[in-house]
Amino acid sequence: MKVVLIMAGGSGERFWPLSTREKPKQLLKIFSEKSMIRETVDRVLPIVPKENIFISTNILQWEGIHRELKEIPVDNIIIEPMGRDTASAIGYGAIVIDERFKGCSIELIVLPADHMIKKEASFREVLLKGCQEAKENSVIVTLGIKPTRPETGYGYIEVKKVKDREELKEGNIYRVKRFREKPNQEVAETYVNSGNYLWNSGMFIFSMETIFKNFQVLMEDHWDILKDLREVVKGEVTGEKLSNLAKPYFEKFEKISIDYGIMEQSKNIRVIPCDIGWSDLGSYNAFSEIYTPDSNGNITKGRVVAFESKENIVIGSDFTISLLGVDNLVVVKGENNNILVAKRSRVQDIKKLLELYRSML
């Protein structure tokens with residue numbers, strides 16, 4: 001049985017002021033006529049029924065997600081009582097799903113809610129291949145994106161090749177040698193030139209037995225808490241009530257990612273290189289991957305007037321934004337009349353700006 005767990009938490013910071021804590025990136029319709037979480041669900045519906053799609057989110061966002069995804073059973077929305085990073089979120093989600101389909105053999109597909117994938121048919125083919133590998137060989141499978149540039153904003157996966165000069169082929173299955181943290185520019189160039197590295201997409205496939213065994217061996221403290229949480233989940237309570245019951249246990253979790261806790265430590269991980277038109281849409285600079293700029297390199301959405309201005313990203317809706325003699329800026333009008341003006345090279349620091357902004361409220 002194939003089940004999808006969509007990770008839909010987040011703090012709404014990367015795309016502030018368009019996004020907020022209550023309405024993060026995955027609920028926005030900025031790259032198409034659909035929200036990103038709607039795109040994610042629609043992408044997998046051809047291979048997984050809606051009853052087998054679960055959403056992991058938080059108390060601030062679950063109602064907005066329910067309104068956006070009315071066909072997904074409300075009991076399939078798993079509300080984390082607090083943020084403790086992806087290891088606890090995935091472990092808890094797996095426990096809830098395992099209890100829901102007790103006695104079934106499950107291949108769990110874990111997907112971010114807010115990524116772009118242009119080649120959807122190819123993506124589904126890779127997922128099905130990954131499910132088969134996970135089921136037959138009791139391994140964790142991840143999707144590795146063939147890099148097109150030395151990107152410093154992504155983590156990398158080092159592949160263990162059979163032959164030193166073997167070219168990584170799309171759709172083949174390889175052993176993972178190790179996961180690498182986001183590199184600097186020089187190291188990123190080395191990775192890409194070697195032909196031995198893939199971008200870490202943050203998408204994983206595994207059987208329940210496999211992921212639980214990895215928690216048991218590599219994250220013993222998490223596993224002990226998850227075993228206690230299983231007793232809570234057995235009560236068949238869902239929604240906010242279950243979230244409240246789970247809170248004392250979540251407080252015990254160390255805040256740690258699944259990448260650091262398991263993926264960087266496990267010896268039974270496989271990767272499938274793929275070209276699926278992927279982007280994690282991690283900042284406003286991602287607009288340049290989606291939209292075609294004008295003759296001056298400006299990317300605009302809404303009413304924008306630009307004179308002698310180049311390489312800007314400008315987003316507005318209900319009023320006109322005018323630029324005069326400025327280059328390489330991001331200008332965004334968001335909710336509550338918040339306006340962001342930033343250098344494109346500094347958009348990764350929006351979180352720091354938000355800390356100052358919130359301290360002044």
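Residues Ile79 and Leu5 fall into different hydrophobic clusters, defined by Ile, Leu, Val, Met, Phe, Trp and Tyr side chains chained together at heavy-atom separations under 4.5 Å. Ile106 and Val4 end up in different hydrophobic clusters when Ile, Leu, Val, Met, Phe, Trp and Tyr side chains are linked at under 4.5 Å. Under the 4.5 Å side-chain heavy-atom criterion for ILVMFWY residues, a single connected hydrophobic cluster contains both Val330 and Leu354. Ile78 and Ile65 fall into different hydrophobic clusters, defined by Ile, Leu, Val, Met, Phe, Trp and Tyr side-chain heavy atoms under 4.5 Å apart, directly or through other members.
Counting non-hydrogen atoms of other residues, nucleotides and ligands closer than 6.0 Å to CD of Glu170 gives a total above 12. In this structure, Lys23 places its NZ atom where only 12 or fewer heavy-atom neighbours from other residues, nucleotides or ligands lie under 6.0 Å away. Within a 6.0 Å radius of CZ in Arg175, other residues, nucleotides and ligands contribute 12 heavy atoms or fewer. Applying the 6.0 Å contact sphere to NZ of Lys301 captures more than 12 heavy atoms from other residues, nucleotides or ligands. Environment of NZ in Lys102: crowded, with over 12 heavy atoms of neighbouring residues, nucleotides or ligands closer than 6.0 Å. Environment of NZ in Lys234: crowded, with over 12 heavy atoms of neighbouring residues, nucleotides or ligands closer than 6.0 Å. With a 6.0 Å radius and a threshold of 12 heavy atoms from other residues, nucleotides or ligands, Glu71 has its CD atom above the threshold. Counted within 6.0 Å of NZ on Lys351, heavy atoms from surrounding residues, nucleotides or ligands total 12 or fewer; the atom is thus considered open.
Between the CE atom of Met263 and the CG atom of Leu218 there is a distance of 10.0 Å, given to the nearest 0.5 Å. Taken from CE in Met203 to CG in Leu111, the straight-line distance is 6.5 Å, to the nearest 0.5 Å. Distance CZ/Phe206 to CD1/Ile269: 10.5 Å, rounded to 0.5 Å. The line from CG of Leu45 to CZ of Arg43 is 11.0 Å long, rounded to the nearest 0.5 Å. We find the CD1-NE2 distance between Ile262 and His222 to be 8.5 Å, quoted to the nearest 0.5 Å. Cys131 SG to Glu136 CD: the interatomic distance, rounded to the nearest 0.5 Å, is 11.0 Å.
Counting all heavy atoms, side chain and backbone alike, Glu68 lies closest to Ser35 at OE2-OG, 2.7 Å. Here the closest non-hydrogen pair linking Met36 and Leu281 is SD-CD1, 3.5 Å. The minimum heavy-atom distance between Phe101 and Glu51, with the atom names listed, is CZ-O, 4.0 Å. What you find for Leu242 and Val232 is that their closest heavy atoms are CD1-CG1, 3.8 Å. Met219 and Ala87 make their closest contact through CE-CB, 3.8 Å (heavy atoms, listed as atom of the first residue, atom of the second, distance). Pairing each heavy atom of Leu28 with each of Ser19, the nearest pair is CD1-CB, 3.9 Å.
Inspection of the Ser56 and Glu80 side chains reveals an N or O donor paired with an N or O acceptor under 3.5 Å. For the residue pair Glu107 and Ser207, no side-chain donor N or O sits within less than 3.5 Å of a side-chain acceptor on the partner. Side chain to side chain, Gln216 and Glu220 fail the donor-acceptor criterion of an N or O pair below 3.5 Å. Side-chain atoms of Asn298 and Thr300 include no donor-acceptor pair closer than 3.5 Å. Side-chain atoms of Asn214 and Ser266 form a donor-acceptor pair, as typed in the model, at a separation below 3.5 Å. At a cut-off of 3.5 Å, with distance as the only test, a side-chain donor of Arg344 or Asn285 sits close to an acceptor on the other residue. Between the side chains of Tyr260 and Asp85, no donor N or O sits under 3.5 Å from an acceptor N or O. In summary, the side chains of Asp327 and Asn312 do not present any donor paired with an acceptor at a separation below 3.5 Å, with no hydrogens or angles considered.
Between Tyr154 and Trp278, the ring centre distance stays below 6.0 Å. In this structure, Phe31 has its ring center closer than 6.0 angstrom to the ring center of Phe287. Checked against the 6.0 Å centroid threshold, Phe250 and Tyr92 count as a close aromatic pair.
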Let me check something: any side-chain donor-acceptor pairs from residues 144-153 under 3.5 Å, sequence neighbours excluded? List them with distances.
unit_1 : atom_1 : unit_2 : atom_2 : d
Lys146 : NZ     : Leu168 : O      : 3.0
Arg149 : NE     : Glu151 : OE1    : 3.0
Arg149 : NH2    : Glu151 : OE1    : 3.2
Arg149 : NH2    : Glu289 : OE2    : 3.4
Glu151 : OE2    : Gly153 : N      : 2.8

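Proximity of Arg180 to Val187: side-chain heavy atoms (C-beta onward) are nowhere separated by under 4.5 Å. Looking at Lys333 and Pro17, their side chains never come closer than 4.5 Å, going by heavy atoms from C-beta outward. In this structure the side chain of Leu27 reaches within 4.5 angstrom of the side chain of Ile37, judged on heavy atoms. Between Asp280 and Arg14, the closest side-chain pair of non-hydrogen atoms falls below 4.5 Å. Taking the side chain as every heavy atom from C-beta outward, Val110 and Met7 approach each other to under 4.5 Å. Taking 4.5 Å as the limit, some side-chain heavy atom of Gln348 sits within range of a side-chain heavy atom of Ser283. The shortest side-chain heavy-atom distance between Val139 and Glu133 falls under the 4.5 Å cut-off. Considering only heavy atoms from C-beta on, Ile315 comes within 4.5 Å of Tyr284 through its side chain.
When Val141, Ile173, Ile205 are each tested for a side chain to side chain contact (heavy atoms under 4.5 Å, CB included) with Lys129, only one passes: Ile173. Screening Phe179, Tyr174, Tyr191 for a ring pair (Phe, Tyr, Trp, His ring centres under 6.0 Å) with Tyr197, the sole residue that qualifies is Tyr191.
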Can you check salt bridge (charged side-chain N to carboxylate O under 4.0 Å, His left out) on Glu13 and Arg358, steps first, answer last?
CA-CA 12 Å; Glu13 294 179 338; Arg358 288 167 179 162; 3.2 Å; yes

Step-by-step side chain to side chain donor-acceptor pair (under 3.5 Å) determination, Asn58 to Arg21
CA-CA 10 Å; Asn58 56 54; Arg21 285 171 171 165; over 6 Å; no

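Leu324 belongs to a hydrophobic cluster with Phe307, counting contacts under 4.5 Å between side-chain heavy atoms of Ile, Leu, Val, Met, Phe, Trp and Tyr, direct or through other members. Hydrophobic side-chain contacts under 4.5 Å tie Met360 into a cluster, directly or through other members, with Leu356.
Because its NZ or CZ atom is both nearer than 6.0 Å to the ring centre of Phe212 and within 45° of the ring axis, Arg230 counts as a cation-pi partner of that residue.
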